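Right, one structure below, let's go through it.
Computed from a prediction, not measured in an experiment: that's the story for all the values here. Hydrogens, waters and symmetry mates are skipped; everything else that's a heavy atom, side chains included, is used.
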Amino acid sequence: QCEEAAYEERRYPAGKWACVTKGEPMYEQSISMSFMKLMRYICKENSVGCYLGMTVPVLNEIHLTKEGTKLESEVVTAYYLPGEYQQNPPVPMDPEIHITERAPLRVITRVFYGMTTEETILREISLFWELLGSTDTVLQETYFVAVYENPSIPQRRNEIWFICRA
């Protein structure tokens, strides 16, 4: 039971990310299509023509609808550029991939395992709010789903990130 309730606060430095935005009918379609684009960029379809190296987590930025009962269809999938490419990121061949400088981030995070579907994400957000109780220290409309392992692993490790207000 104790294990289940665990969450932690973390800080991430500013940095450059390769991002793809998709708004497919299903969350799983959006992240799958975006991740395939990012993999091609990571593997060779970039201005230096070589494998950039994988970093984790891959982040999926999600937004809840006004009612808070569904995810907005638009999802931003983001890959953190390895240290050697932070100053001068390779240019993506795919025009849908954008290099973005993200500000430092402070999050409260909680681990969950398994598939990331709209249903599981909404459940995890709801459970996390139950644990935290009423607070205005985190955003209530924008969240991150952090993925640490290959999507084909059935019980892969994920995290839900609540973003702390500045």
Side-chain angles (χ1 to χ4, degrees), residues 1-12 15-46 50-65 67-83 85 92 94 96-98 100 102 105-132 138-164:
Q1 186 119 26
C2 229
E3 191 79 23
E4 225 175 276
Y7 59 88
E8 65 179 288
E9 184 174 319
R10 290 196 211 124
R11 292 174 188 274
Y12 291 92
K16 291 190 175 83
W17 296 73
C19 301
V20 176
T21 303
K22 286 279 181 199
E24 299 302 318
M26 289 176 62
Y27 170 82
E28 299 89 321
Q29 293 170 309
S30 293
I31 61 169
S32 176
M33 292 170 76
S34 293
F35 186 70
M36 292 313 295
K37 285 180 168 290
L38 290 170
M39 278 310 296
R40 287 192 290 274
Y41 168 69
I42 293 164
C43 287
K44 218 178 186 134
E45 292 181 16
N46 56 63
C50 66
Y51 177 68
L52 305 179
M54 194 61 211
T55 61
V56 290
V58 171
L59 295 181
N60 294 299
E61 181 180 332
I62 57 171
H63 303 275
L64 293 185
T65 56
E67 311 78 54
T69 55
K70 290 178 25 188
L71 300 181
E72 294 281 355
S73 65
E74 204 164 83
V75 179
V76 179
T77 300
Y79 152 78
Y80 185 78
L81 289 156
Y85 300 111
D94 186 330
E96 286 190 51
I97 299 173
H98 302 280
T100 305
R102 292 202 164 181
L105 191 60
R106 189 166 58 96
V107 298
I108 299 173
T109 175
R110 182 172 186 268
V111 173
F112 69 100
Y113 295 91
M115 302 301 291
T116 55
T117 63
E118 179 166 355
E119 187 184 347
T120 59
I121 290 165
L122 290 169
R123 186 176 61 239
E124 290 301 324
I125 289 171
S126 177
L127 287 169
F128 205 172
W129 274 114
E130 282 179 37
L131 284 172
L132 286 179
V138 294
L139 301 180
Q140 293 188 19
E141 58 284 334
T142 303
Y143 303 89
F144 285 108
V145 177
V147 179
Y148 287 86
E149 296 170 307
N150 185 312
S152 65
I153 296 171
Q155 282 302 309
R156 73 171 184 216
R157 177 176 173 245
N158 310 289
E159 292 174 344
I160 192 78
W161 290 6
F162 281 23
I163 304 158
C164 298

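- The salt bridge (charged side-chain N to carboxylate O under 4.0 Å, His left out) analysis of residues 112-131, with sequence neighbours excluded, yields the pairs R110-E124.
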**OP:** Could you please spell out the steps behind the side chain to side chain contact (heavy atoms under 4.5 Å, CB included) verdict for L64 and K70?
**Re:** CA-CA 6 Å; L64 293 185; K70 290 178 25 188; over 6 Å; no
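- Across all non-hydrogen atoms, the minimal contact from P82 to T55 is CG-CG2, 3.9 Å.
- Contact annotation: the side chain of P92 never approaches that of N46 to less than 4.5 Å [non-hydrogen atoms, C-beta and beyond].
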Original post:
Given the rule in the side chain to side chain contact (heavy atoms under 4.5 Å, CB included) test, do V147 and R156 qualify, once you have shown the distances and angles that lead to the verdict?
Top reply: CA-CA 8 Å; V147 179; R156 73 171 184 216; 3.8 Å; yes
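- Contact between T69 and L122 at its shortest, heavy atoms only, is O-CD1, 3.4 Å.
- Listed here is the closest heavy atom pair of L38 and C19: CD2-N, 4.4 Å.
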**OP:** Check the pair V111 / Y7 against side chain to side chain contact (heavy atoms under 4.5 Å, CB included), numbers first and verdict last.
**Re:** CA-CA 7 Å; V111 173; Y7 59 88; over 6 Å; no
Identify every side-chain donor-acceptor pair in residues 26-35 under 3.5 Å, counting partners at least two apart or on other chains, and give the distances.
residue: Q29; atom: OE1; partner: M26; partner atom: N; Å: 2.9
residue: S30; atom: OG; partner: E24; partner atom: N; Å: 2.9
residue: S34; atom: OG; partner: S30; partner atom: O; Å: 3.0

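- Judged by distance alone, the side chains of W161 and T109 do bring a donor and an acceptor atom under 3.5 Å apart.
- A heavy-atom distance below 4.5 Å is found between the side chains of E74 and T21.
- For residues 140-151, the pairs satisfying side chain to side chain donor-acceptor pair (under 3.5 Å) are H63-T142, W129-Y143, Y148-E159, N150-S152, with sequence neighbours left out.
- From C50, atom SG reaches atom NZ of K44 across 8.5 Å, with rounding to the nearest 0.5 Å.
- Using a 4.5 Å heavy-atom threshold, the side chains of I125 and I160 count as touching.
- T117 approaches T120 most closely through the heavy-atom pair N-OG1, 2.8 Å.
- Side-chain atoms of V76 and N60, non-hydrogen and from C-beta on, never get closer than 4.5 Å to each other.
- Using a 4.5 Å cut-off on side-chain heavy atoms (C-beta onward), L59 and Y79 make no contact.
- Using a 4.5 Å heavy-atom cutoff, the side chains of F162 and L139 are not in contact.
- For M39, the CE atom counts as densely surrounded, since its 6.0 Å shell holds more than 12 non-hydrogen atoms of other residues, nucleotides or ligands.
- Of the possible polar contacts, none joining the Y12 side chain to the G15 backbone as a donor-acceptor pair under 3.5 Å is found.
- Residue I42 comes nearest to G53 through the heavy atom pair CG2-O, 3.9 Å, listed as atom of the first residue, atom of the second, then distance.
- At a threshold of 4.5 Å between non-hydrogen side-chain atoms, the residues L105 and I163 count as touching.
- E45 CD to L52 CG: the interatomic distance, rounded to the nearest 0.5 Å, is 11.5 Å.
- A donor atom on one side chain and an acceptor atom on the other are not found under 3.5 Å apart for T116 and N158.
- Note on E96 versus K22: salt bridge recorded, some NZ/NE/NH1/NH2 to OD/OE distance being below 4.0 Å.
- The neighbour count for M54 CE, taken as heavy atoms of other residues, nucleotides or ligands under 6.0 Å away, is above 12.
- Test Y85, F144, Y80 against W17 for ring pair (Phe, Tyr, Trp, His ring centres under 6.0 Å) and you get one pass: Y80.
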Subject >> Derivation and outcome, side chain to side chain contact (heavy atoms under 4.5 Å, CB included), residues K16 and T100 >> reply: CA-CA 5 Å; K16 291 190 175 83; T100 305; over 6 Å; no
